[in-house]
Structure formats: C-alpha cells, structure tokens
Enquirer: 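Structure incoming, see below.
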2 protein chains.
Amino acid sequence: MGKKNRHFHILKLIESVNVESQQAMLDELSSQNIEISQSTLSKDLKELGIIKIRGKEGRFRFVQTKERELFHVGLMLKKELLDFLTDSILVQNFLVLKTVSGNASGLAKCLDEIGWKEIVGSVAGDDTILVITQNEQDAKSVMSRLDEIISSR
Amino acid sequence: MGKKNRHFHILKLIESVNVESQQAMLDELSSQNIEISQSTLSKDLKELGIIKIRGKEGRFRFVQTKERELFHVGLMLKKELLDFLTDSILVQNFLVLKTVSGNASGLAKCLDEIGWKEIVGSVAGDDTILVITQNEQDAKSVMSRLDEIISSR
DNA sequence: GTGTCTTATTGATTCACATGAATATTGCCT
DNA sequence: AGGCAATATTCATGTGAATCAATAAGACAC
C-alpha cells in the first residue's frame with residue numbers, strides 16, 4: 001500500500017472516526033491493514049498539515065489546517081496537474097493555456113485556489129484555459145512561474 | 001530538468017522538427033540544454049512508445065504508437081488522475097465517482113480512452129462521474145479494478 | 001517540579017529509480 | 001556474407017525517498 005493511498009485513508013479517518021491520539025489512529029489504520037510506525041504517522045500528519053486541537057468537552061480532534069490544504073494544492077499543481085498542460089500562449093494581458101482534453105477545469109480550479117496575485121481570474125473549457133491578468137507584465141510573470149515549476153519536474 | 005519535462009520536449013520534438021535518428025534528437029535536445037546519453041534516450045523513446053518508421057521518400061520519422069499512447073493513458077490514470085478520486089459508490093449497474101472539484105471530466109475522459117470492456121459509457125459533471133455498465137457485476141468489477149490501482153500507489 | 005503520556009526528530013537502513021558507459025544486437029547496404 | 005551505422009540492453013553506480021527504532025521534546029496532571 002503506497003503512501004498516497006495511506007494519506008487518503010488518513011484524511012478519511014479524521015473526518016469520520018473519533019480519534020483522539022496518534023495511537024488511536026495507528027490502531028484504526030491497522031484494522032484496515034495499514035501498518036506503519038508512529039514516527040511515520042507523525043510525518044504523514046505533518047505533510048498533510050493535520051494538527052491536533054481540543055474541541056468541546058475537552059476532547060481532542062485532528063483537523064487539516066487551511067494553510068496546508070493550500071500547500072497541498074500547490075503540490076498537486078506541481079506534481080500532477082501541470083502534466084496535463086501542453087501549451088501556453090501569451091496574448092497581451094491574457095494567457096491561453098492548452099491542456100489534455102478534459103483537464104482544463106481541474107487545472108484552472110487549482111490555479112484559482114493557489115491565488116497567485118497576478119491572476120485576476122480564469123475561464124476554462126474542455127482543453128483551454130483563459131487566464132486573465134491586469135497587464136502584459138503580469139501575464140509574463142505567470143508564464144514564467146509556470147515554466148519554472150514545469151522544468152523542475 | 002526532470003524526466004517528465006524531458007519526455008514532454010521529446011514529444012514536441014517528433015511532431016515539429018524532422019529528426020531522422022536518435023543522434024539528431026540528442027543534438028536537438030542538447031540545443032535546448034537537455035543533455036542525456038543515447039541509452040537514456042533510447043529508454044525514453046521506449047517508455048513513450050515512440051518508434052522509427054520509414055516515411056515517404058525513404059526518410060525516417062519517429063511516431064508515437066497508439067498502443068503506447070494508451071499505455072501512457074494508463075500510467076496517467078495510475079499516477080495522477082486517481083489522486084483526484086475521493087469516493088466511489090456502487091448503485092446497481094452504475095458507479096458514481098466523486099472527485100476533487102473540476103477534475104471529473106479529465107478522469108472520465110481517461111477512463112473512456114482506456115477502454116475497459118465493462119464500461120458502457122460515462123457522464124461527467126464538475127466533481128461527479130456516472131459510470132454506466134451493463135450490470136451490477138461489471139460495475140463491481142470496475143470498482144475493484146480501480147481499488148487495486150489505487151492501493152498500489 | 002516530577003512523572004507520564006503523547007508527539008516530533010534523529011540516524012541508520014533499505015529500496016526504487018534514473019542514469020551513463022560499455023557492450024550486444026539489429027538492420028541495412030553493397 | 002561482411003561491415004557499418006543505429007539502436008537496445010546490461011551492468012554498475014549514484015541519488016533521493018520512505019521507513020523504523022530509538023531518542024528527544026513537549027504537554028499536562030498531580
């Protein structure tokens with residue numbers, strides 16, 4: 001069972017079951033045949049941006065912080081969604097992004113969430129995204145930021 | 001420069017420039033500051049399913065085979081798109097797949113292209129895919145195939 | 001503060017993957 | 001067939017990620 005899948009299960013876990021400690025999580029995961037050590041779990045939680053808080057009645061809960069969700073979105077952009085980007089064209093203060101068919105909307109949403117300040121908004125079809133910026137400078141900036149991420153893959 | 005990005009450039013290359021040998025490719029790539037050995041290129045081409053054929057006038061060309069494009073789609077499903085799958089629900093001969101918002105269409109297209117025989121067709125919205133099969137048995141089969149891929153990530 | 005339960009970090013290890021040099025194989029021309 | 005150019009494969013190596021055991025650090029009750 002891979003790491004990604006384990007993360008998926010951990011996220012499910014903190015939403016549904018009431019776990020109050022990492023040990024409880026380990027037990028739950030174990031019952032799903034996911035056997036990991038406490039140190040690995042601790043790192044997983046860190047990666048996922050999950051923290052422990054004290055809810056009502058003094059009970060503990062684990063929740064995912066917004067910052068880290070965003071961090072996660074950033075990773076997603078880097079590792080996955082950009083694989084579907086096939087072309088980018090600069091047109092004045094617009095950036096036209098071409099993607100593998102069907103993936104424009106997903107990539108556009110991701111760009112939205114990441115909230116780069118240069119981007120005013122975007123419209124997505126099936127395989128094309130129109131990214132709108134205030135001026136040509138900003139459009140260029142977005143393009144180079146994307147290029148940078150892409151070439152590091 | 002990562003492998004994925006290199007693959008991207010190689011695919012671009014065989015569409016635009018007329019390269020008739022791996023050596024020519026290496027030179028082209030080199031002019032883009034991508035320096036790799038011939039053995040690495042050979043492996044890249046294999047992964048991408050690119051073969052050498054003799055076109056008109058006896059000139060050689062490199063093209064991507066359909067089989068390998070499909071293989072690539074399979075990898076994409078495995079490595080990337082399935083990350084956006086958050087839930088799957090079996091309803092008689094339907095499978096309802098929930099995804100991260102915006103990614104339903106991309107995943108559905110991928111499933112279409114992969115052409116599993118159990119799948120009659122699919123409809124995708126923003127975050128939901130309805131996969132239609134002939135009967136409950138087929139729907140179950142699709143679900144377990146997806147599960148298998150997911151848990152191996 | 002002390003002790004205990006919980007979580008984070010460190011250090012060592014393993015493992016998979018990517019790569020290039022060297023070599024083998026293939027395919028083609030004569 | 002022989003020989004050459006192009007491509008594929010093998011083998012050894014390096015690198016980074018993932019993991020766990022052990023330990024440190026932190027939180028909290030008393």
Side-chain angles (χ1 to χ4, degrees), chain A residues 1-10 13-14 17-30 32-55 57-65 68 71-72 75-76 78-80 83 151-153, chain B residues 1-10 13-14 17-30 33-55 57-65 68 71-72 75 78-80 83 151-153:
Chain A
M1 173 135 335
K3 189 178 179 183
K4 281 182 180 176
N5 193 38
R6 191 175 70 229
H7 281 190
F8 177 75
H9 281 279
I10 290 173
L13 205 57
I14 66 170
V17 193
N18 73 322
V19 283
E20 292 200 55
S21 70
Q22 290 188 6
Q23 187 54 54
M25 272 198 212
L26 288 175
D27 294 343
E28 275 293 332
L29 290 172
S30 175
Q32 297 173 37
N33 287 313
I34 302 176
E35 312 278 0
I36 53 170
S37 68
Q38 179 266 327
S39 70
T40 299
L41 177 58
S42 172
K43 285 167 198 159
D44 281 352
L45 295 180
K46 188 175 185 182
E47 270 186 68
L48 292 168
I50 294 172
I51 56 170
K52 189 179 185 176
I53 60 172
R54 188 190 292 277
E57 317 154 24
R59 294 182 97 65
F60 288 111
R61 275 189 311 143
F62 288 90
V63 295
Q64 192 172 29
T65 61
R68 274 309 174 116
F71 177 73
H72 220 229
L75 276 187
M76 204 179 267
K78 173 164 181 173
K79 291 200 180 164
E80 286 134 28
D83 289 340
S151 66
S152 74
R153 287 176 311 167
Chain B
M1 172 133 335
K3 188 177 177 184
K4 280 183 182 176
N5 194 35
R6 193 175 69 228
H7 281 192
F8 179 74
H9 281 278
I10 290 174
L13 204 56
I14 66 169
V17 194
N18 73 322
V19 282
E20 292 200 55
S21 69
Q22 289 188 6
Q23 186 55 54
M25 273 198 211
L26 289 175
D27 294 343
E28 275 293 332
L29 290 171
S30 176
N33 287 315
I34 303 175
E35 312 278 358
I36 53 170
S37 66
Q38 178 266 326
S39 72
T40 300
L41 177 58
S42 172
K43 285 164 197 160
D44 281 352
L45 295 181
K46 186 175 183 180
E47 269 186 69
L48 292 168
I50 292 173
I51 57 170
K52 189 179 185 178
I53 60 171
R54 188 190 293 276
E57 316 155 27
R59 294 181 97 65
F60 287 111
R61 276 188 311 143
F62 287 90
V63 295
Q64 192 173 31
T65 61
R68 275 306 176 121
F71 177 72
H72 218 231
L75 276 186
K78 172 163 182 173
K79 292 200 178 163
E80 288 134 28
D83 290 339
S151 65
S152 74
R153 286 176 314 168

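As the structure is a computational prediction, the values presented were derived from the model and not from experiment. Throughout, a chain's letter reflects where its sequence line sits, starting with A, and its residues are numbered from 1.
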Enquirer: Name all residues meeting the side chain to side chain donor-acceptor pair (under 3.5 Å) criterion together with N18(B); count only those two or more places apart in sequence or in a different chain, and write none if there are none.
Expert: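 Per chain and number, N18(B) pairs via side chain to side chain donor-acceptor pair (under 3.5 Å) with no residue.
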Enquirer: What is the distance, to the nearest angstrom, from the CG atom on L48(B) to the P atom on dA18(C)?
Expert: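 In whole Å, dA18(C) P lies 12 Å from L48(B) CG.
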Enquirer: Whole-Å distance between dT19(D) P and L26(A) CG?
Expert: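 Rounding to the nearest Å, CG of L26(A) and P of dT19(D) are 13 Å apart.
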Enquirer: What distance separates L41(B) CG from L29(B) CG, expressed to the nearest 0.5 Å?
Expert: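 Going from CG on L41(B) over to CG on L29(B), the span is 6.5 Å.
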Enquirer: Would you say a side-chain N or O of Q22(B) is under 4.0 Å from OP1 or OP2 of dA8(D)?
Expert: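 Checking Q22(B) against dA8(D): at least one side-chain N or O falls below 4.0 Å of OP1 or OP2.
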Enquirer: Using the side chain to side chain donor-acceptor pair (under 3.5 Å) criterion, which residues pair with S21(B)? Sequence neighbours excluded.
Expert: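 Here no residue qualifies.
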Enquirer: Taking all heavy atoms of E20(B) and all of F62(B), pick out the closest pair and write down the distance.
Expert: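 Smallest heavy-atom distance, with atoms named: C-CE1, 3.9 Å.
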Enquirer: How would you list, by chain and number, every residue that makes a side chain to side chain contact (heavy atoms under 4.5 Å, CB included) with Q32(A), sequence neighbours excluded?
Expert: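 Per chain and number, Q32(A) pairs via side chain to side chain contact (heavy atoms under 4.5 Å, CB included) with H9(A), L13(A), E28(A), I34(A).
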Enquirer: Tabulate atom names and distances for all N/O pairs under 3.5 angstrom spanning the protein and nucleotides 25-28 of chain D.
Expert:
| residue | atom | partner | partner atom | Å |
| --- | --- | --- | --- | --- |
| dC28(D) | OP1 | R54(A) | NH2 | 3.4 |

Enquirer: Under a 4.5 Å cut-off applied to non-hydrogen side-chain atoms, are Q38(A) and Q23(A) in contact?
Expert: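 Q38(A) vs Q23(A): side chains apart.
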Enquirer: Which whole-number value in Å describes the distance from L45(B) CG to dT9(D) P?
Expert: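 L45(B) atom CG is separated from dT9(D) atom P by 12 Å.
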Enquirer: To the nearest Å, how far apart are E47(A) CD and dT9(C) P?
Expert: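 E47(A) atom CD is separated from dT9(C) atom P by 13 Å.
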Enquirer: From NZ of K3(A) over to P of dC20(D), roughly how many Å is that when rounded to an integer?
Expert: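 That distance rounds to 12 Å.
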Enquirer: List in numerical order all residues of residues 34-44 of chain A for which some heavy atom is under 4.0 Å away from an atom belonging to DNA chain D.
Expert: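 Of all residues in residues 34-44 of chain A, the ones placing a heavy atom under 4.0 Å from DNA chain D are E35(A), I36(A), S37(A), S39(A), T40(A), K43(A).
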Enquirer: Determine whether E47(A) and H7(A) make a side-chain contact, defined as any pair of heavy atoms from C-beta on separated by less than 4.5 Å.
Expert: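 Side chain of E47(A) against side chain of H7(A), heavy atoms only: contact under 4.5 Å found.
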Enquirer: Report the residues that fulfil side chain to side chain contact (heavy atoms under 4.5 Å, CB included) with S30(B), sequence neighbours left out, ordered by chain and then residue number.
Expert: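 Testing S30(B) for side chain to side chain contact (heavy atoms under 4.5 Å, CB included), a comparison that skips the adjacent residues, returns E35(B).
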Enquirer: Measure NZ/K52(A) against P/dC5(C) and give the value in whole Å, please.
Expert: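 Going from NZ in K52(A) over to P in dC5(C) covers 13 Å.
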Enquirer: Using only side-chain N and O atoms of K46(A), determine if any of them is under 4.0 Å from OP1 or OP2 of dA8(C).
Expert: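 False: K46(A) side-chain N/O out of range (4.0 Å or more) of dA8(C) OP1/OP2.
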Enquirer: Closest approach of I51(A) and T65(A), non-hydrogen atoms and distance?
Expert: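 Residues I51(A) and T65(A), closest heavy atoms: CD1-CG2, 3.5 Å.
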Enquirer: Please report, rounded to the nearest Å, how far the P atom of dC5(C) is from the CE atom of M25(A).
Expert: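 From M25(A) CE to dC5(C) P: 20 Å.
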Enquirer: What integer distance in Å separates D27(B):CG from dA6(D):P?
Expert: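 Rounded to the whole Å, the gap is 11 Å.
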